[in-house]
Protein chains: 2
Amino acid sequence: MTSIKDIARLAGVSPSTVSRVLNERAYVRSEVRQRVLDIVREQGYVQNHVARSMVLQRSFTIGVVIPYLFNMFQRQLFASMEFFLEQHGYKTQFFFLRWSDSSEQAFLRRLKGETLDGIIFIHELDNPLIYRYIQERGLPVALCTFEKQEFGFPAVHIEEEASAELAVEYLIRRGHRTIGLITGEHFSFGRQREDGYKKALAAHDIPYTPELTVRVPAYNPEAGRTGMLTLIKRKQPLTAVFAATDELAIGAIKALSESGLKVPEDVSVIGLDDIDISAFTTPGLTTVRQPIFEMGKKSADLVCEWIARGRMQGRTELFTATIVERESVRTLQ
Amino acid sequence: MTSIKDIARLAGVSPSTVSRVLNERAYVRSEVRQRVLDIVREQGYVQNHVARSMVLQRSFTIGVVIPYLFNMFQRQLFASMEFFLEQHGYKTQFFFLRWSDSSEQAFLRRLKGETLDGIIFIHELDNPLIYRYIQERGLPVALCTFEKQEFGFPAVHIEEEASAELAVEYLIRRGHRTIGLITGEHFSFGRQREDGYKKALAAHDIPYTPELTVRVPAYNPEAGRTGMLTLIKRKQPLTAVFAATDELAIGAIKALSESGLKVPEDVSVIGLDDIDISAFTTPGLTTVRQPIFEMGKKSADLVCEWIARGRMQGRTELFTATIVERESVRTLQ
DNA sequence: ATAGCTTCTGAAAAGGTTTTCATCTAGTGA
DNA sequence: TCACTAGATGAAAACCTTTTCAGAAGCTAT
């Protein structure tokens with residue numbers, strides 16, 4: 001591998017000068033600059049990132065932490081982040097977490113050895129030590145889909161509770177009063193969306209029926225399917241179901257059709273997220289849209305802004321969720 | 001940040017000894033070893049990866065290159081790779097490519113500056129310089145979903161052509177003789193699957209009708225939808241459609257139902273890939289299964305094996321594709 | 001002629017690790 | 001007692017950059 005020294009030797013200058021040329025510093029005679037540049041091109045020389053990171057004490061890398069699941073929602077979010085992070089001149093380093101406390105600890109250890117310039121969290125982690133560590137180290141960070149009041153990290157998210165309310169409200173407005181809920185056991189958004197469901201019911205004087213709620217261990221279609229199957233088996237009459245995420249909703253629709261029930265004729269289904277695929281199910285999934293792409297962009301912007309211009313205290317970017325009407329909800333009567 | 005020198009000072013030994021302890025080398029008195037270990041734990045010290053990469057000339061990072069698209073198929077593949085790469089002790093570094101020649105050139109430049117230990121390519125890149133560079137540098141590599149005979153890189157893939165044949169054959173066996181094809185313009189697999197389609201027709205003496213083929217510029221549901229719409233508009237009678245990927249098939253089903261055509265009663269649809277979601281569409285998508293998870297694992301294993309034990313010449317791992325029967329294909333008569 | 005700037009350049013240090021080489025100590029066998 | 005070996009340790013070099021500092025050269029103003 002050719003190094004800066006080779007270029008220096010070939011150009012008859014010192015490594016310092018080559019470095020100055022490469023980093024577009026002043027104080028290099030234009031004639032020398034040109035000679036160096038020519039040799040660089042000729043030799044196909046590229047700076048060694050590792051050595052650069054070493055001396056600069058920065059890696060030009062942003063970590064993106066995704067706990068446990070890597071579903072369609074996160075794929076879209078991640079793709080968006082990666083795109084804008086690259087535009088800002090940063091590489092993206094993935095951190096998939098697995099489902100365990102030891103995984104979060106392992107992540108923390110790993111984090112300490114990593115020279116990241118910043119970090120984005122998708123979904124909330126259980127281990128508070130991680131946030132505390134980030135705080136102490138002063139690592140630029142952005143939270144995506146949740147916030148952490150006590151730390152005042154910049155965050156981008158929708159009003160989870162209000163968005164769920166919006167979905168259930170939509171159902172109620174269309175005459176539904178026996179509404180099932182399928183949500184996941186994990187993550188703050190699952191709880192918040194459940195709260196939103198309850199709040200909407202309460203606002204319309206509909207008593208909360210525990211038998212209409214089912215909590216599943218994941219947020220994928222398969223979990224939605226088994227959740228819906230459970231609900232059907234309970235024989236609690238219902239005319240509609242709110243699934244806490246679109247993937248859950250897609251699984252629910254599958255379970256309904258497997259059970260000979262038509263959507264939306266027999267049971268209406270509404271989701272939350274509006275992932276790509278929701279526009280392509282049959283029937284098209286009525287859902288609440290989270291502006292995923294924009295949220296990914298904003299998260300990227302926030303970390304980069306912190307890096308470039310220093311920390312801004314307690315900045316939260318709230319996105320609004322909106323109903324997307326497709327064909328999976330029927331108006332009663 | 002505490003460094004190895006701090007630990008050395010605290011333990012009253014030299015950095016060399018600490019390094020030996022950390023890397024589990026011999027020639028350290030067990031008493032000293034324990035003292036160092038205690039201080040390391042106490043101080044929460046972790047090795048600095050950048051410095052380590054610098055001196056070791058390896059990064060413990062495998063690059064995964066994904067051209068242009070980042071769809072559901074690739075998400076699953078990527079998740080699988082990341083999982084097994086981590087098991088092998090490697091980090092995963094993403095390289096998303098955009099749709100242009102300059103993007104591939106930019107990638108090549110970037111690649112030169114990167115200290116990767118290995119690289120996995122998902123889908124074939126157009127720019128041959130990239131493979132030549134990899135070859136010259138002797139960088140361990142694995143190809144996933146395609147192969148490059150002239151370079152003899154280890155590769156894992158299915159027989160694209162034969163798999164497509166399998167799908168079309170399945171249709172023909174069920175009495176279909178006017179079969180549409182929706183495929184993408186780009187990537188070798190698109191062309192190969194088209195060849196498979198033609199071959200299956202030829203094998204059953206069905207003349208190839210160009211009007212039944214439509215080529216779309218992407219491999220996502222939206223492209224599948226517009227592709228199907230085009231096919232419908234052409235008014236060329238057909239009883240079945242082979243979509244080159246499941247995402248295309250999902251879009252095709254959507255277009256059919258939008259046009260008042262029922263699947264599979266009016267038109268049968270078969271895909272290829274068997275991505276997660278295909279089990280959850282209504283009707284369930286009949287498709288040809290590519291063992292995505294296993295292929296991801298194998299790719300990871302191959303690069304790691306090359307790194308650990310040196311290059312194995314021209315090793316190709318062929319996976320077999322199998323029909324997955326669900327509800328989107330009807331038997332005629 | 002001298003002092004004081006500006007522009008340009010190179011030597012050397014720094015960044016945090018690993019590894020080679022040299023040295024020292026203790027133990028073994030003659 | 002004397003070589004010799006094995007075990008344990010530290011000093012220093014190396015990995016490849018960037019940046020600071022110092023010095024040289026050329027100019028301007030006194």
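By convention in this document, chain letters (A, B, ...) are assigned in the order of the sequence lines, proteins followed by strands, and residues within each chain are numbered from 1.
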Quiz item: When the distance from CG of B:Asn48 to P of D:dC15 is rounded to whole Å, what number comes out?
Solution: 19 Å

Quiz item: Start at the 5' end of DNA chain C and walk down; is the nucleotide closest to B:Arg20 or to B:Val46 reached first?
Solution: B:Val46

Self-check item: Selection from D:dT9, D:dC15, C:dG10 that lies nearest to any side-chain heavy atom of B:Thr17
Solution: D:dT9

Quiz item: Does a donor on one side chain and an acceptor on the other come within less than 3.5 Å for B:Thr2 and B:Gln43?
Solution: no

Practice problem: Look at all strands and tell whether B:Val50 reaches a base, only sugar-phosphate, or nothing, counting heavy atoms closer than 4.0 Å. | Solution: nothing

Exercise. May I ask you to say what B:Ser19 touches in the nucleic acid, namely base, sugar-phosphate or nothing, with a heavy-atom cut-off under 4.0 Å?
Key: base

Exercise. Measure from the side chain of B:Gln57, starting at C-beta and using heavy atoms only, and say which of C:dT17, D:dT18, D:dC16 lies closest.
Key: D:dC16

Quiz item: Taking atom P of C:dC21 as reference, at what distance in whole Å does atom CZ of B:Arg25 sit?
Solution: 16 Å

Self-check item: Nearest-Å distance for atom pair CZ/C1', residues B:Arg33 and D:dA8
Solution: 11 Å

Quiz prompt | Nearest listed nucleotide, side chain of B:Ala51, among D:dC16, C:dT9, C:dG16 | solution = C:dG16

Quiz item: Is it true that the NZ or CZ of A:Lys297 lies under 6.0 Å from the centre of A:Phe84's six-membered ring and within 45 degrees of the ring axis?
Solution: yes

Exercise. Would you kindly compare B:Ser16 and A:Tyr45 by the position of their nearest DNA chain D nucleotide and give the one closer to the 5′ end?
Key: B:Ser16

Quiz item: Distance-only, no hydrogens or angles: does the B:Ser80 side chain make a donor-acceptor pair with backbone N or O of B:Gln76 under 3.5 Å?
Solution: no

Quiz item: C:dT19, C:dC8, C:dT17: which one has an atom nearest the side-chain heavy atoms of A:Arg29?
Solution: C:dC8

Self-check item: B:Met54 or B:Ser14, whichever maps to the more 5' nucleotide of DNA chain D
Solution: B:Ser14

Exercise. Rounded to the nearest angstrom, tell me the gap between atom OH in B:Tyr27 and atom P in C:dT19.
Key: 15 Å

Practice problem: From the options C:dT9, D:dA14, D:dT18, select the nucleotide whose nearest atom is closest to the side chain of A:Val32. | Solution: C:dT9

Quiz item: Under 4.0 angstrom, heavy atoms only, what part of the nucleic acid is B:Val28 near: base, sugar-phosphate, or nothing?
Solution: sugar-phosphate

Quiz item: In whole angstroms, how far is the P atom of D:dT20 from the CG atom of A:Leu56?
Solution: 11 Å

Practice problem: May I ask you to say whether B:Arg35 pairs ionically with B:Glu31, meaning some side-chain N is under 4.0 Å from a carboxylate O? | Solution: yes

Quiz prompt | Between P of C:dT19 and CZ of B:Arg58, the distance in whole Å | solution = 11 Å

Quiz prompt | Whole angstrom value for the distance that separates P of D:dT19 from CD1 of A:Ile4 | solution = 11 Å

Quiz item: Roughly how many Å is it from NZ in B:Lys5 to P in C:dG16, rounded to a whole number?
Solution: 7 Å

Practice problem: Among B:Phe151, B:Tyr131, B:Phe187, find the residue that satisfies the ring pair (Phe, Tyr, Trp, His ring centres under 6.0 Å) test when tested with B:Phe121. | Solution: B:Tyr131

Practice problem: Among the candidates D:dT18, C:dT18, D:dG10, find the nucleotide nearest to the side-chain atoms of A:Asn23. | Solution: D:dT18

